[in-house]
Protein chains: 2
Amino acid sequence: MAQADPRLHVVVEAALFTLVDDRLCVALHRMRRGLFKGAMALIGGHVHPDEDADTRAAITRILADKAGLHDVFLEQLETFSGKDHHPQRWSVSIAYYALTPLDRLSEGFGLEFVDVDRLPELAFDHQRIVQAALGRLRRKGAYSNLPAMLLPAEFTFPELKAVYEKVLGAPLNDSAFRRKITELKMVEPVPEARSPATAERKRPAQLYRLADRRLAEWDRTL
Amino acid sequence: MAQADPRLHVVVEAALFTLVDDRLCVALHRMRRGLFKGAMALIGGHVHPDEDADTRAAITRILADKAGLHDVFLEQLETFSGKDHHPQRWSVSIAYYALTPLDRLSEGFGLEFVDVDRLPELAFDHQRIVQAALGRLRRKGAYSNLPAMLLPAEFTFPELKAVYEKVLGAPLNDSAFRRKITELKMVEPVPEARSPATAERKRPAQLYRLADRRLAEWDRTL
DNA sequence: TTAATAGTGTCTTTTAGACACTATGAC
DNA sequence: GTCATAGTGTCTAAAAGACACTATTAA
C-alpha cells in the first residue's frame, strides 16, 4: 500500500464566533513560536488518526482542549490548501466555523475575542478563512436559524431580532420579522411566561427558545 | 519541522454531472484493482504537491487527464474524512462537483455516465459524496444559474426551463419562470436572433446565452 | 390548415414592508 | 402619571402563481 506523501500536512481549524456586547467577535490566540510568532491565529491543530473518527471529531476535540467548549454549533466551512509559508511544505486545512453564546465560554484558555470589523493581520491564510466564514454566516443567516446559535438557550424576541440585524448587517422590520419567525415556528415560548432578569431593559419581555436546537433552513429569506 | 503523519492519505475527487437525454448523470469509472475492484467510483486521484498549486488545481488536472475536460464548472463540495476501508489507513477526501454540457465530453476515457436515479453500489463512500453533491446542486440550483452550467453555451428558453425542472425536481410555471429569468438578467439573447438547428423541435426558438458564464446567485428562489 | 410548441398578458393569491397603534412595566 | 420598549393590527406594495391567449413554423 502506498505511503502518504510526507510533504502534505493536514490540519483542522475553526473560526469560533460569539457576540460580546453586541459585537460579532472571533476567537483568536497569539502564536508563541514558529514562522508567525506574535501574530494572532484561529484555533486549530492536527488530526490524531487513532483518536479522531474524522476531521469533525478532531476539531471537536481541539475546541474542547483549547477553548473548553462542548456541544457547540459547528459546521464544516471549506478546505483551504496549497503551499503554506514553510518551504517545501504543502498543507490541507479543513476549516470549520463554530457559534456559541458568550455565557458558555470560560476564562483561562488564553483566547481573545476580537471584533470582526477590527481584525489585525492574522497568521497563515486565516484572514481568508475568517472572511469565508463571515460570508457563510451572513448568507446562510438570511434563511436559517443560524444567528440564534449566538444566543443563550433562552432569549427574547428583541434579542433575536438584534442578532439577526447584527449578522445580516441591515435593520429588519419589526412586525414582519415577528410574523416570519412565528409562521416558520422557529421558536416556542418558554412555558411559565418568563420575563427576563432585566438589566437596563425598560420592560420585561417574553422568553423564547428555539423549537429545535439544530440548524434549520428555509427556502425563503427572513 | 514535524513530519506529516504517514497514515493520513489525501485524495481529491469529483462528482461530474451532465445531462444525457434529459437524465441527470454522474461520471463513474470501474475500479480495476484494490479493495473495491469491480465497483464503480468517482473520478479522483492524489495531490501532487510540486505540480498542483492547491487541491482545486489537483482536481482540475485530474479532470483533464481522466475525462479530457478543460474549463469545466467546478466548485468545492465538502471534505470527507476518517478511516477508510483499508486497515490502519485514515483518509481525507476533498470532494468537488463539476457540471458540463454533454457536447464537451469526448469518448475514450472509459467513463460511464450513470443516471443518478439508478446508481449502483459505489466504491469507498462515493455514494455519500454523490448524494451530498446532488443536494448541493438541487438547493443551490434554486437561487442561482447553476443548472445552466449543464447546458451548452447557447440554449433556448424552453431548454433552460427544462434543465431547471430536472435539477429542482418540480415543474415550473412558464411565464413566471421567464419573468424571473428576465428580471434577473440571467441571460441575453444571441444577437442575430438565431433560431436553433431544430431536431424534433416543432418550432424554432430564440437562442440565449448566460449574461455571465460564472456562477451567479440571487437572494430569492426562482 | 392544422398541430404543436414559443412566447405574452393579465388576474389572483401570497408575501413582505411600512407604520401607526395599543400594552405593560420601571420610575 | 411619563417614558421607553414590547408587541399587535392593518394598509400597501411587490412578488409569485395560474392560466388563457396570441404567434410562429413544420408539415
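Chain identifiers are assigned alphabetically (A, B, ...) following the order of the sequence lines, protein sequences preceding nucleic acid strands; residue numbering begins at 1 within each chain. All values below were derived from every heavy atom in this structure, side-chain atoms included, with hydrogens, water molecules and symmetry-related copies excluded. This one's a predicted model, so the numbers in the text were calculated from it and none came from an experiment.
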**OP:** Please determine if A:Arg136 and A:Glu78 form a salt bridge, counting it only when a charged side-chain N lies under 4.0 Å from a carboxylate O.
**Re:**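 No salt bridge links A:Arg136 with A:Glu78.
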**OP:** Measure the spacing between CG of B:Leu150 and CZ of B:Phe17 and express it to the nearest 0.5 Å.
**Re:**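 One finds 9.0 Å between CG of B:Leu150 and CZ of B:Phe17.
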**OP:** Please check if the distance between the ring centroids of B:His29 and B:Phe109 is under 6.0 Å.
**Re:**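 Centroid distance B:His29-B:Phe109: not below 6.0 Å, so no.
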Grab the [atom1]-[atom2] distance between [X] and [N] for me, whole Å please.
X: B:Asp219; N: C:dG17; atom1: CG; atom2: P; value: 10 Å
X: A:Phe157; N: D:dT8; atom1: CZ; atom2: C1'; value: 12 Å
X: B:Leu222; N: D:dG17; atom1: CG; atom2: C1'; value: 14 Å

**OP:** Report yes or no: is there a donor-acceptor pair, N or O only, under 3.5 Å between the side chain of B:Arg203 and the base of D:dA26?
**Re:**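 Counting by modelled atom types and ignoring angles, no donor-acceptor contact under 3.5 Å is found here.
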**OP:** Could you tell me whether the side chain of B:Arg220 has a donor or acceptor atom within less than 3.5 Å of a complementary atom in the base of D:dA15?
**Re:** no
Original post:
Does anything in residues 172-183 of chain B reach DNA chain C, meaning a heavy atom under 4.0 Å, and if so which residues?
Top reply: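 Those residues whose heavy atoms fall under 4.0 Å from DNA chain C, taken from residues 172-183 of chain B in numerical order, are B:Asp174, B:Ser175, B:Arg178, B:Arg179.
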Original post:
Looking at C:dG7, D:dG7, D:dT25, which one has an atom nearest to any side-chain atom of B:Ala205?
Top reply: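 Nearest to the side-chain atoms of B:Ala205, counting from C-beta on, is C:dG7.
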Would you tabulate the side-chain donor-acceptor contacts of residues 117-130 of chain A under 3.5 Å, counting partners in other chains and residues two or more places apart, or write 'none'?
from, atom 1, to, atom 2, distance (Å)
A:Arg118, NH1, A:Asp115, OD2, 3.4
A:His126, ND1, A:Leu42, N, 3.0
A:His126, NE2, A:Glu13, OE1, 3.4
A:His126, NE2, A:Glu13, OE2, 2.5

**OP:** Cation-pi check, A:Arg220 to A:Tyr143: give yes when NZ or CZ is under 6.0 Å from the six-membered ring centre and within 45° of the ring axis, no otherwise.
**Re:** no
Original post:
Side chains of B:Thr79 and A:Thr79: do they bring a donor and an acceptor to under 3.5 Å?
Top reply: yes
